[in-house]
Amino acid sequence: MTTYDLIVIGGGPGGYVAAIRAAQLGLKVACVEGRDALGGTCLNVGCIPSKALLTSSAKYAEIAHLSSHGIAVEGASIDVSAMMGRKDKIVGDLTKGIAFLFKKNGVELIEGWASIPAAGQVKVGDDIHEAKNILIATGSEPTSLPGIEIDEQDILSSTGAIALDSVPEHLVVIGAGVIGLELGQVWARLGAKVTVVEYLDRVLPGIDGETAKLAQRALSKRGLKFQLGRALKSVDKTEAGLSLTVDRVGKDKEEVIEADKVLIAVGRRPVTRGLGLEELGVAINARGFVEVDETFRTSVPGIYAIGDCVPGPMLAHKAEEDGVACVELLAGEAGHVDYNTVPGVVYTDPEVASVGQTEEALKEAGIEYSVGKFAFMANSRARSIGETDGAVKVLADANGKILGGHICGAHGGDLIAELVLAMTKGATVAEVAATCHAHPAMGEAVKEACLDTMGRAIHA
Ligand code: NAI
């Protein structure tokens with residue numbers, strides 16, 4: 001019987017990337033996956049299908065703005081099933097691509113749900129596989145609220161909200177986080193009335209407050225209705241559809257909202273059940289995350305964990321970085337992740353992208369900083385493509401080292417890469433500003449925001 005150097009449990013972006021990298025490093029590797037397809041949440045029901053639908057819906061929404069370009073379009077219509085078919089094909093092709101990469105790199109795929117009966121053993125079905133090391137990469141799943149059961153028909157998680165067969169009349173989104181805003185905008189663009197109900201008095205918690213405000217303003221302009229400071233209490237099914245009761249936070253007042261669909265987007269929780277971790281003595285924190293040290297070791301020797309099931313941002317690219325660093329350390333190399341330079345992108349229109357510290361966090365920590373801002377309204381490329389909403393904001397320390405970058409604007413998800421690289425390399429705002437940026441380009445706004453931290457912006 002084979003003894004593997006490493007068995008990875010979970011074939012999402014964390015697990016499959018770790019498995020391939022471990023194989024590249026010469027380890028004998030297997031990856032266990034219980035779903036029919038590799039790729040985890042991200043490829044099957046998360047990042048990729050949502051971005052496919054965001055693109056389709058953006059193309060439809062754009063038609064309404066073509067008249068200012070002197071283009072008239074008549075009779076545009078939506079075929080939701082064709083849109084879903086395109087999305088499913090993209091997902092299918094990408095997940096098959098991972099299976100191909102496994103073959104190419106000699107990673108063995110074990111199909112089924114795994115548990116860990118003892119350190120060094122992984123059980124799948126009736127089979128026990130031996131492994132010197134086990135890597136838990138089991139990801140996360142949507143949470144709901146007490147008393148509210150997701151049926152994926154009318155009461156949806158993100159999984160149901162990317163698989164509707166028609167455009168709802170009124171979609172209520174609970175939670176103005178990343179999922180709520182992205183999927184809310186998909187259906188708003190396709191013609192649904194979309195109301196976003198959020199507990200806090202702001203959208204996108206965790207994102208720089210000023211940047212989140214810009215996003216809220218732009219999304220409101222594009223049709224999303226926000227009801228902040230409200231908590232969902234209950235959802236009742238009625239003949240007409242759904243009746244939602246929401247509490248005004250801190251006001252002892254209730255409101256009723258009628259809807260035909262509700263998307264519950266109030267966060268995700270780690271998936272660890274069924275693995276047998278408690279019996280093994282693997283330490284799990286109060287919020288259900290697997291505790292690990294900086295080298296991804298759990299409290300049980302030979303068992304490691306990465307990605308959404310450990311504390312930290314729940315992001316596919318962070319899980320990948322975790323996975324690579326973890327197996328490089330296992331193979332005796334110097335794996336490392338700098339969590340301060342992990343970017344986050346919300347793929348709404350406009351996009352919201354950030355890296356490093358927010359202004360609120362710097363204030364709270366008592367760190368001195370300078371701020372530079374540049375609005376896309378003053379950027380000539382933004383003007384010519386008709387994408388003037390939003391701004392770039394850069395935060396720098398007394399020596400000009402970049403502490404954080406926050407962008408609300410078209411292509412923000414691509415523009416942030418410059419600030420991520422600058423932070424990774426320890427570049428200063430002066431060095432970014434001294435770098436030649438093509439003209440006319442959205443990226444000039446990044447340069448101008450860096451100049452502005454020194455009071456030297458040219459076009460502001
Ligand atoms: P989230 O944590 O981003 O936002 C949840 C929101 O729900 C918060 O604003 C919270 O205040 C609100 N909320 C909680 N209880 C509520 C209640 N009873 N009534 C009203 N509002 C309530 O969670 P989300 O959007 O579900 O995303 C989960 C994870 O998935 C995040 O960690 C996110 O980073 C990740 N993700 C990342 C994406 C990306 O990088 N583009 C896309 C989608 C998800």
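Every value quoted in this text rests on a predicted model; they were computed, and no experiment measured them.
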Checklist entry - Between V394 and K373, is a side-chain contact (heavy atoms from CB on, under 4.5 Å) present by the stated rule, with each step listed? => result CA-CA 6 Å; V394 172; K373 294 178 207 170; over 6 Å; no
Item to check | Steps toward side chain to side chain donor-acceptor pair (under 3.5 Å) verdict (D79, S77) | outcome: CA-CA 7 Å; D79 179 344; S77 62; over 6 Å; no
Item to check | CA sep, side-chain torsions, deciding dist, call: E152, S157, side chain to side chain donor-acceptor pair (under 3.5 Å) | outcome: CA-CA 6 Å; E152 303 295 14; S157 73; 2.5 Å; yes
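The existence of a salt bridge linking R269 and D308 is excluded, since no basic side-chain nitrogen approaches an acidic carboxylate oxygen closer than 4.0 Å. E141 has a carboxylate O that lies under 4.0 Å from a charged side-chain N of R273, or vice versa, which qualifies the two as a salt bridge. Comment: K233 engages E254 in a salt bridge, judged by a side-chain N to carboxylate O separation of less than 4.0 angstrom.
Within 6.0 Å of OH on Y60 lie more than 12 heavy atoms contributed by other residues, nucleotides or ligands. Atom CG of D36 has 12 or fewer neighbouring heavy atoms from other residues, nucleotides or ligands inside a 6.0 Å radius. Residue R217 qualifies as open at atom CZ: its count of foreign heavy atoms under 6.0 Å is 12 or below. Within 6.0 Å of CZ in R381 there are 12 or fewer heavy atoms belonging to other residues, nucleotides or ligands. Within 6.0 Å of CD in E255 there are more than 12 heavy atoms belonging to other residues, nucleotides or ligands.
Here S370 contributes atom OG and D452 contributes atom CG; the two are 9.0 Å apart, rounded to the nearest 0.5 Å. To the nearest 0.5 Å, atoms CD (E258) and CD (E169) are separated by 12.5 Å.
A donor-acceptor distance shorter than 3.5 angstrom exists from the side chain of H437 to the backbone of T435, with no hydrogens or angles considered. Side chain of N105 to main chain of I20: no donor-acceptor pair is present (N/O by atom type, distance under 3.5 Å, no hydrogens or angles).
Within the structure, salt bridge (Lys or Arg N to Asp or Glu O under 4.0 Å) pairs that include any residue of residues 45-64 comprise K51-E182 (at least two apart or interchain).
Across all their heavy atoms, A319 and I306 have their closest contact at O-CD1, 3.9 Å.
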List the atom pairs, donor and acceptor, that lie under 3.5 Å between side-chain atoms in residues 453-460 and the rest of the protein, sequence neighbours left out.
| unit_1 | atom_1 | unit_2 | atom_2 | d |
| --- | --- | --- | --- | --- |
| T453 | OG1 | C450 | O | 2.5 |
| H459 | ND1 | E448 | OE2 | 2.5 |

